[in-house]
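All values below were derived from every heavy atom in this structure, side-chain atoms included, with hydrogens, water molecules and symmetry-related copies excluded.
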Amino acid sequence: MLDGPLQPQVQNIAFNIAHVFTHRDTLLSSLPRESLCVGEMLRYGPLPSSPLPFLKKASSAHHCHRHSATVSSQLITAAATTGTGTGIGTFTVSDRELESRGFTLHRTIDTLNLDHLNSVFVAVGFPRRDPQKIRVALENTHSLLWIEYVKTQRPVAFARATGDGVFNAIIWDVVVDPTFQGIGLGKAVMERIIDELLRKGITNIALYSEPRVLGFYRPLGFVADPDGIRGMYILLVGIPKHI
């Protein structure tokens, strides 16, 4: 048995580990929705030669609170073959066609109303977020694209990607206003985000998806759980949610 000044800390860690394993289901069910990443992590593009460069501890975004996450059995890491995803410069719906239907594409946040974007997040089931934190997140985003419905001057589709700018990228916050779903806007933003990343030479592209929408991403070239590769998250107990 360990004696000395570290003993209380070690005992506390041991207690937390035992508490997580004993009460795992209760803990997960009691966490707010934004602290759960129940779904699959999908990967686009050929497998990298280096081992698992895309397995990183998650930052806060898409349904994930940065201090808690699910056990690995609930989050499946994915990698893709060359697949049937979009090629560089190949879009199902052209920019001109989108404009003819009353939509405008934007790649900066200069004219993006964050309160309106927040409303889209909430409409698709995301937690309402602090607008200032949204701004900080977007300012630290390497690639983003949103579609504005000109008639209302409001965002109706959005996606963004973060990463190291060279090897790896993760796509976050893919949303389409429910009123505008089913007309190709989600595919439009995804194809263009992927295109931008590929043009930068980034081929290790991942995203998180709820199981119910996996069918949307697979035609874009994403596949799940290649060779049994799994993602892992850290579930920390006793840390205040606001930290």
Engineer: Could you measure the distance from the CZ atom of R154 to the OG1 atom of T179? Nearest 0.5 Å is fine.
Structural biologist: 10.0 Å

Engineer: Would you mind listing every side-chain hydrogen bond (donor to acceptor under 3.5 Å, both in side chains) that reaches into residues 96-106, with sequence neighbours excluded?
Structural biologist: H106-E148

Engineer: A side-chain contact here means heavy atoms from C-beta on lying under 4.5 Å apart; do N140 and T162 qualify?
Structural biologist: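 The answer is no; the side chains never approach within 4.5 Å.
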
Engineer: Can you check whether E191 reaches T90 side chain to side chain, under 4.5 Å on heavy atoms?
Structural biologist: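 A side-chain contact is absent here, since even the closest heavy-atom pair is not under 4.5 Å.
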
Engineer: Does a side-chain N-to-carboxylate-O contact under 4.0 Å join R192 and E196?
Structural biologist: no

Engineer: May I ask you to list the residues sharing a hydrophobic cluster with V166, side-chain cutoff 4.5 Å, ordered by chain and number?
Structural biologist: F167

Engineer: Is there side-chain contact between V93 and L185, with at least one heavy-atom pair below 4.5 Å?
Structural biologist: no

Engineer: Of all heavy-atom pairs between S143 and K200, which one has the smallest distance, and what is that distance?
Structural biologist: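 Scanning both residues completely, I find the closest heavy atoms to be OG-NZ, 3.1 Å.
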
Engineer: Do the non-hydrogen side-chain atoms of T111 and Q153 ever get within less than 4.5 Å of each other?
Structural biologist: no

Engineer: Minimum heavy-atom separation for W146 to P155, with atom names?
Structural biologist: CE3-CB, 3.7 Å

Engineer: Identify the two heavy atoms, one from A161 and one from T141, that lie closest to each other, and give their separation to 0.1 Å.
Structural biologist: O-CG2, 3.3 Å

Engineer: When hydrophobic residues are tied together by side-chain contacts of less than 4.5 Å, even through go-betweens, does V150 share a cluster with L105?
Structural biologist: no

Engineer: I'd like to know whether F91 forms a side chain to side chain contact (heavy atoms under 4.5 Å, CB included) with L98, so could you lay out the CA-CA distance, the side-chain angles of the two residues, the decisive distance to 0.1 Å, and finally the verdict.
Structural biologist: CA-CA 11 Å; F91 306 131; L98 285 170; over 6 Å; no

Engineer: Just wondering, do I147 and L145 contact through their side chains at under 4.5 Å, heavy atoms?
Structural biologist: yes

Engineer: Out of curiosity, D195 CG to M190 CE, how far, rounded to the nearest 0.5 Å?
Structural biologist: 12.0 Å

Engineer: Evaluate the side-chain proximity of F121 to V175: yes if any heavy-atom separation is below 4.5 Å, no if none is.
Structural biologist: yes

Engineer: Shared ILVMFWY cluster between V124 and L117, side chains joined below 4.5 angstrom?
Structural biologist: yes

Engineer: Taking the six-membered ring for Trp, are F103 and F180 parallel (under 30°), tilted (30 to 60°) or perpendicular (over 60°)?
Structural biologist: perpendicular

Engineer: Applying a strict under-4.5 Å side-chain criterion to I, L, V, M, F, W and Y, I'd like to know whether I183 and F216 cluster together.
Structural biologist: yes

Engineer: Could you measure the distance from the CD1 atom of I194 to the CD1 atom of I202? Nearest 0.5 Å is fine.
Structural biologist: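 Here the rounded value is 12.5 Å.
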
Engineer: Which heavy atom in P131 sits nearest to a heavy atom in L114, and how many Å separate them?
Structural biologist: O-CD1, 3.6 Å

Engineer: As an exercise, state the distance from CG of D173 to CZ of R160, rounded to the nearest 0.5 Å.
Structural biologist: 4.5 Å

Engineer: When rounded to the nearest 0.5 angstrom, what is the spacing between OG1 in T92 and CG in L220?
Structural biologist: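 Going from the OG1 atom of T92 to the CG atom of L220 covers 7.5 Å.
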
Engineer: Within the structure provided, determine whether V174 and Y217 are in side-chain contact (heavy-atom separation under 4.5 Å).
Structural biologist: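 When only atoms from C-beta onward are counted, Y217 and V174 do touch, with a gap below 4.5 Å.
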
Engineer: Give the minimum heavy-atom separation between I205 and I171, together with the two atoms involved.
Structural biologist: CG2-CD1, 3.8 Å

Engineer: Do you reckon V213 sits in the same ILVMFWY cluster as F222, going by side-chain contacts under 4.5 Å, direct or chained?
Structural biologist: yes

Engineer: Report yes or no: does H142 contribute a side-chain atom to a donor-acceptor pair with the main-chain N or O of G165 at less than 3.5 Å?
Structural biologist: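 Absent.
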
Engineer: Could you tell me the separation between the CG atom of N118 and the NZ atom of K133, rounded to the nearest 0.5 Å?
Structural biologist: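 Rounded to the nearest 0.5 Å, the CG-NZ separation comes to 12.0 Å.
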
Engineer: Within a 6.0 Å radius of atom CD on Q181, are there more than 12 heavy atoms belonging to other residues, nucleotides or ligands?
Structural biologist: yes

Engineer: On a heavy-atom basis, which atom in A159 and which in I193 lie closest, and how many Å separate them?
Structural biologist: O-CD1, 3.9 Å

